[in-house]
Trainee: 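Below are the structure tokens for one structure; questions will follow.
Sequence lines set the chain letters: A, B, ... in the order given, protein chains first and strands last, and positions in each chain run from 1.
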2 protein chains.
Amino acid sequence: MRLHRTGSLPLYRQVQQVLQERIESRALLPGDRLPTEHELARELAVNRLTVRQAISELARAGQLVVRQGIGTFVAEPPAHFVVTLGPERSMAAVEHTTRTLEQEGMPAREVFLSSAIEDCAEAREQLRLPRRRLRRVDTQFLVDGEPWSANTYWLADTRFRGITDRLVHDGSVFRACAEHYGTDLRYAWRSFAAAAASPREAELLGVAVGTPVLVREGLNIDSSGTPTVYVTRRLRSDRMRFVLRYEHDPIVE
Amino acid sequence: MRLHRTGSLPLYRQVQQVLQERIESRALLPGDRLPTEHELARELAVNRLTVRQAISELARAGQLVVRQGIGTFVAEPPAHFVVTLGPERSMAAVEHTTRTLEQEGMPAREVFLSSAIEDCAEAREQLRLPRRRLRRVDTQFLVDGEPWSANTYWLADTRFRGITDRLVHDGSVFRACAEHYGTDLRYAWRSFAAAAASPREAELLGVAVGTPVLVREGLNIDSSGTPTVYVTRRLRSDRMRFVLRYEHDPIVE
DNA sequence: AAGTGGTCTAGACCACACC
DNA sequence: GTGTGGTCTAGACCACTTC
């Protein structure tokens, strides 16, 4: 195989096409290891950096998975787990998702990462709190040992005093609010956006920097309508997807 | 300024930090042009490729905008337009969004791109149609002349015969369905995910390949409950964001 | 024509995983 | 140690924008 500049298609795009053809023709199956970068470079008579440029775009797009020291692999078709959102503002939420996952043999749990007094303009405004009262709690959602989301919660330090100690053994913030503080939460709003994974987020999610992540933010209010928890989740877009169903009587999270 | 390998932080990350510091300290303001890649390379005593690697990640993350032949600029803070979704399945949808945008002085319109008989397993399943009856329509949503979303609609060719001609002057597919075919649509479901822009999508949206985009899919049914239009939208995540409000009585799309 | 970013090369060394 | 991907360099030429 030999590539060369033709028309105006850059070499690295031609390399991409070669790889995509091999995947689509099933010459390479999900989970298979690609030839090494050196081998591909030699085989296609291009520089290794050109191969890397081709691979890195395909990896970002989720078609390949690169593992340092091991090799580059054809990605498994994403096990898009569908989370169904109802029109309700209730929050059986995490509970429901967790149960569903477990029924499919995928043990899910939320793990506490860190907690600190910290300021954040957006959280301050949403919660209407002075800056010194703002507590930030970070958690990770693991499914089958694999990180699926990185979460940041903002809440009033005074109202949930000592919550950090509660979270060490069970990282579920919402459960802690309910069980230890008697606070029933429901949604005021939730939002969806897409963003590139920052270095920190990429590490937490086990993906490459710049990988698209689904950003879900939400404000939770207590039964009196007071803004109580402002949460930001970054979700692996190759693992989760949200669906708003209107037909049937709908469930949660 | 001189960078060198310290600890284990790669050079290109140090270059990123330098740039981010200049942006955060407001030494570089939104819209400002950065020094050229050659200049940065010389100034920081690193290779130009190293500078490029730093810049390309920041560009993907939306902090910088790179324009060939012109220069690299600090991105304007994203004018996240918020689209409010109600729990209703109704579809005042595009209408409402368009009106809101226009009130803010941003003329919005949907533009027809192409139309063809084409097969798609997912669309076939959603619409329960045989493959030969499947029509694909592509449109672009422009706000103030700038592309905000790339849309693909799937519908029954027989039911909407001649729709292509209707769309040439007004690209709004939903409006065409209502006005020319008397079909009132509402949502059965909508979904949200994130993905990397493919070369084709990147071109339509005016962003770099691999930029995170918000993927919104939905199935629309007519008043008898028949699946009628299956639509996939790719939205610029630096321009739009979806919010589900639960508090007030809610509006549309 | 001049200046910008876009692509490509050859070669080197480093960090990580596995044996 | 061996082999993988990760980082980095020096230098070249191309494509696009502006003048």
Trainee: List in chain and number order the residues that pass side-chain contact (heavy atoms from CB on, under 4.5 Å) with A/Thr232, two or more places apart in sequence or in another chain; answer none if no residue qualifies.
Mentor: A/Val215, A/Glu217, A/Tyr230, A/Arg234
Trainee: Would you please name every residue forming a side-chain contact (heavy atoms from CB on, under 4.5 Å) with A/Ser149, sequence neighbours left out?
Mentor: A/Phe141, A/Asn151, A/Leu235
Trainee: Donor-acceptor pairs are to be reported for all side-chain atoms of residues 57-73 of chain B against protein atoms at under 3.5 Å, with residues two or more places apart or in another chain.
Mentor:
unit_1: B/Glu57; atom_1: OE1; unit_2: B/Arg13; atom_2: NH1; d: 3.2
unit_1: B/Glu57; atom_1: OE1; unit_2: B/Gln16; atom_2: NE2; d: 2.8

Trainee: Is there a side-chain hydrogen bond (donor to acceptor under 3.5 Å, both in side chains) between B/Ser115 and B/Arg135? Walk through the geometry before answering.
Mentor: CA-CA 7 Å; B/Ser115 165; B/Arg135 174 168 293 278; 2.5 Å; yes
Trainee: Tell me: CG of B/Leu11 to P of C/dC13, nearest whole Å?
Mentor: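 Going from CG in B/Leu11 over to P in C/dC13 covers 16 Å.
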Trainee: Please tell me which of the listed nucleotides, C/dG6, C/dC8, D/dG5, lies nearest to the side chain of A/Pro10?
Mentor: C/dC8
Trainee: Write down the protein N/O and nucleotide N/O pairs, taken from nucleotides 1-3 of chain C, whose separation is under 3.5 Å; answer none if there are no such pairs.
Mentor:
unit_1: C/dG3; atom_1: N2; unit_2: B/Gly69; atom_2: O; d: 3.3

Trainee: Could you give the OH-to-C1' distance, from A/Tyr12 to C/dC8, as a whole number of Å?
Mentor: 12 Å
Trainee: On DNA chain D, nearest-nucleotide positions of A/Arg67 versus B/Asn47: which is more 5'?
Mentor: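 Comparing both residues, the 5'-ward one is A/Arg67.
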Trainee: Starting from P on D/dC16, measure out to CD on B/Glu203 and report it in whole angstrom.
Mentor: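 In whole Å, D/dC16 P and B/Glu203 CD are 12 Å from each other.
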Trainee: Rounded to whole angstroms, how far apart are CG on A/Leu64 and P on D/dT4?
Mentor: 17 Å
Trainee: Return the set of residues passing salt bridge (charged side-chain N to carboxylate O under 4.0 Å, His left out) with B/Glu21 (not counting sequence neighbours), or none when no residue passes.
Mentor: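 With sequence neighbours excluded, B/Glu21 shows a salt bridge (charged side-chain N to carboxylate O under 4.0 Å, His left out) to no residue whatsoever.
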Trainee: Which ones in residues 49-60 of chain B lie close to DNA chain C, meaning a heavy atom under 4.0 Å from one of its atoms?
Mentor: B/Leu49, B/Arg52
Trainee: Of all residues at least two apart in sequence or in a different chain, which pass the salt bridge (charged side-chain N to carboxylate O under 4.0 Å, His left out) check with A/Arg166?
Mentor: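 A/Arg166 satisfies salt bridge (charged side-chain N to carboxylate O under 4.0 Å, His left out) with no residue once adjacent residues are dropped.
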Trainee: Among all residues two or more places apart in sequence or in another chain, which pass the salt bridge (charged side-chain N to carboxylate O under 4.0 Å, His left out) test with A/Asp32?
Mentor: none
Trainee: Could I get the full list of salt bridge (charged side-chain N to carboxylate O under 4.0 Å, His left out) partners for B/Glu37, not counting sequence neighbours?
Mentor: B/Arg48, B/Arg52
